[in-house]
Amino acid sequence: GLYHGFFLFFEEDEKAKQSSLNHAFEDLNIAAKINPSSVLPHLFKAEVFSRTFGLQMMSIYDPQHDDLNSKMIILLDETLAIDPDNVWALKERALILSFEEVATGDYRL
């Protein structure tokens, strides 16, 4: 999963980028099934997703903004369901939600 996630950053074609993202998530989903008590596959999915769409997630002008943020929150919630005190997941979730507060005025933290 991390292999596909790494090379995803070098893909210039959107179709190839999505294919690499799908491969990365498929592999990390298998890892999560093999070891359901590990947060690592969920953290790695969130990290790959964040690096892939980070700028779009933080741009209120990108049409995919809300959808990307919602997907990232779901990935982080998967991590927090296993490890509620995971600092990285809590920080990332807080950043996304705080940005949403500023952009929308919807304070839900």
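Bear in mind the structure is a predicted one, so any value in this text is a computation, not a measurement.
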What pairs of donor and acceptor atoms, side-chain ones from residues 81-88 against any protein atom, are under 3.5 angstrom apart with sequence neighbours left out?
residue	atom	partner	partner atom	Å
Asp83	OD1	Asp85	N	3.3
Asn86	OD1	Trp88	N	3.2
Asn86	OD1	Ala89	N	3.0

Worked check of side-chain contact (heavy atoms from CB on, under 4.5 Å) between Leu95 and Glu92: CA-CA 5 Å; Leu95 283 172; Glu92 290 296 312; 4.2 Å; yes
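Here the straight-line distance linking atom CG of Asn69 with atom NZ of Lys71 works out to 11.5 Å at 0.5 Å rounding. If you take CD on Glu47 and CG on Leu40, they are separated by 12.0 Å, rounding to the nearest 0.5 Å. Summarising the geometry, atom CE belonging to Met72 is positioned 11.0 Å from atom CG belonging to Leu97; distances are rounded to the nearest 0.5 Å.
Between Asn29 and Glu26, the closest side-chain pair of non-hydrogen atoms is not below 4.5 Å. Here the side chains of Phe25 and Leu75 are in contact, with some heavy-atom distance below 4.5 Å.
Side-chain contact, Asn22 with Gln18: a donor N or O sits under 3.5 Å from an acceptor N or O. Inspection of the Asn35 and Ser37 side chains reveals an N or O donor paired with an N or O acceptor under 3.5 Å.
Taking the side chain to side chain contact (heavy atoms under 4.5 Å, CB included) definition, one finds that Ala32 meets it with Pro41, His42, sequence neighbours left out.
Heavy-atom minimum distance, Phe49 versus Leu68: CE2-O, 3.4 Å. In this structure, Ile73 and Arg93 approach most closely via the heavy-atom pair CD1-CG, 3.7 Å.
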